[in-house]
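Everything below concerns the one structure shown next.
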Amino acid sequence: LLERSNLAGVQHILLVLSGKGGVGKSTISTELALALWHSGKKVGILDVDLCGPSIPRMLRVQDRAVHQCDSGWVPVFVGQDKGISLMSIGFLLERPDDAVVWRGPKKNALIKQFVTDVAWGDLDFLIVDTPPGTSDEHISAVEALRPHRLLGAVLVTTPQ
C-alpha cells in the first residue's frame with residue numbers, strides 16, 4: 001500500500017497545534033526542526049497550514065518547486081546536507097502570497113494527499129504544522145496519520 005510505504009521510514013510524528021492564530025506554531029515547528037537537525041536527526045516538516053503557509057519563507061526556500069517521483073511528491077530539501085525535508089502548499093501556489101480559498105472537502109483531500117503521497121524517505125521526526133483552531137483539517141490530519149507512529153503533540157499557547 002502506497003500510504004504505508006511513504007511514511008514507513010518515519011520514526012516519530014509530532015503535531016504542532018494551537019487554539020488560535022498568531023501564537024507562533026510555524027515558528028515553533030521551524031525551531032524544533034532546526035534543533036533536532038542540529039542534534040543530528042533527519043527531520044521533515046509537513047506544513048498543513050493551508051491558509052498561511054509561512055514555513056517555506058522561514059527556511060528561505062519559498063522559490064523552490066515540488067517535483068514528482070514514482071512514489072509521489074519529492075519534498076523540498078533545506079540546506080546543503082538536505083537535512084530537513086519540507087512539504088507545503090506554499091510550493092504549489094503560483095505566487096507565495098496567493099490566498100487559498102477552499103471548502104472543507106478540498107482541503108481535507110489535500111491534507112490526505114500530503115500524508116500519503118509525499119516521498120519522505122527515512123526520517124527520525126516528521127513535524128506537522130497545523131492551521132490555527134480545531135477545524136476539519138486537524139481531524140483529517142490526525143485520521144490520515146493514525147496508522148503511523150504518532151509521537152504526540154505540542155500545544156502552543158499565549159498568556160492572554
Residue pair [X] / [Y]: nearest heavy atoms and the distance that separates them:
| X | Y | value |
| --- | --- | --- |
| Ser18 | Leu155 | CA-CD1, 3.9 Å |
| Lys42 | Lys82 | NZ-O, 4.3 Å |
| Gly83 | Trp37 | CA-NE1, 3.3 Å |
| Gln62 | Arg57 | OE1-CA, 3.5 Å |
| Ser88 | Pro53 | OG-CB, 3.4 Å |

Find the distance between [atom1] ([X]) and [atom2] ([Y]) and round it off to the nearest 0.5 Å.
| X | Y | atom1 | atom2 | value |
| --- | --- | --- | --- | --- |
| His12 | Ile127 | NE2 | CD1 | 12.0 Å |
| Asn6 | Trp120 | CG | CH2 | 10.0 Å |
| Ile89 | Gln113 | CD1 | CD | 10.5 Å |
| Leu86 | Phe77 | CG | CZ | 10.5 Å |
| Leu17 | Lys25 | CG | NZ | 8.5 Å |
| Gln11 | Leu126 | CD | CG | 11.5 Å |

(request) For Asp124 and Lys41, indicate whether the former's side chain and the latter's backbone hold a donor-acceptor pair under 3.5 Å. (result) no

(message) Using modelled atom types and a 3.5 Å cut-off, is there a donor and acceptor pairing between side-chain atoms of Asp47 and backbone atoms of Gly90?
(response) no

(request) Can you spot which of Thr116, Leu123, Val115 makes a side chain to side chain contact (heavy atoms under 4.5 Å, CB included) with Leu7? (result) Val115

(request) Indicate yes or no: at least one non-hydrogen side-chain atom of Val156 is less than 4.5 angstrom from one of Val16. (result) yes

(message) Working note: Leu59 + Ile45, criterion side chain to side chain contact (heavy atoms under 4.5 Å, CB included); need CA distance, chi angles, decisive distance, verdict.
(response) CA-CA 11 Å; Leu59 291 172; Ile45 304 174; 3.9 Å; yes

(request) Test Val23 against Thr157 for side chain to side chain contact (heavy atoms under 4.5 Å, CB included), laying out the working first. (result) CA-CA 6 Å; Val23 297; Thr157 62; over 6 Å; no

(message) What verdict does the side chain to side chain contact (heavy atoms under 4.5 Å, CB included) test give for Val76 and Met87, after you've listed the backbone C-alpha separation in whole Å, the side-chain angles of each residue and the deciding distance to 0.1 Å?
(response) CA-CA 6 Å; Val76 168; Met87 180 47 116; over 6 Å; no

(request) Answer with yes or no whether the hydrophobic clustering places Ile84 together with Val154; edges join I, L, V, M, F, W, Y residues whose side-chain heavy atoms lie under 4.5 Å apart. (result) yes

(message) Quick check on the hydrophobic clustering: are Val10 and Val74 connected, directly or via other members, by side-chain heavy-atom contacts under 4.5 Å?
(response) no

(message) Show, in sequence, the C-alpha distance, side-chain angles and deciding distance for Asp129 and Val48, and conclude whether the side chain to side chain contact (heavy atoms under 4.5 Å, CB included) test is met.
(response) CA-CA 6 Å; Asp129 184 42; Val48 295; over 6 Å; no

(request) Flag the pair Trp73 / Phe91 as yes when their ring centroid distance falls below 6.0 Å, and as no otherwise. (result) no

(request) Assess whether atom CG of Asp122 is packed by more than 12 heavy atoms of other residues, nucleotides or ligands within 6.0 Å. (result) no

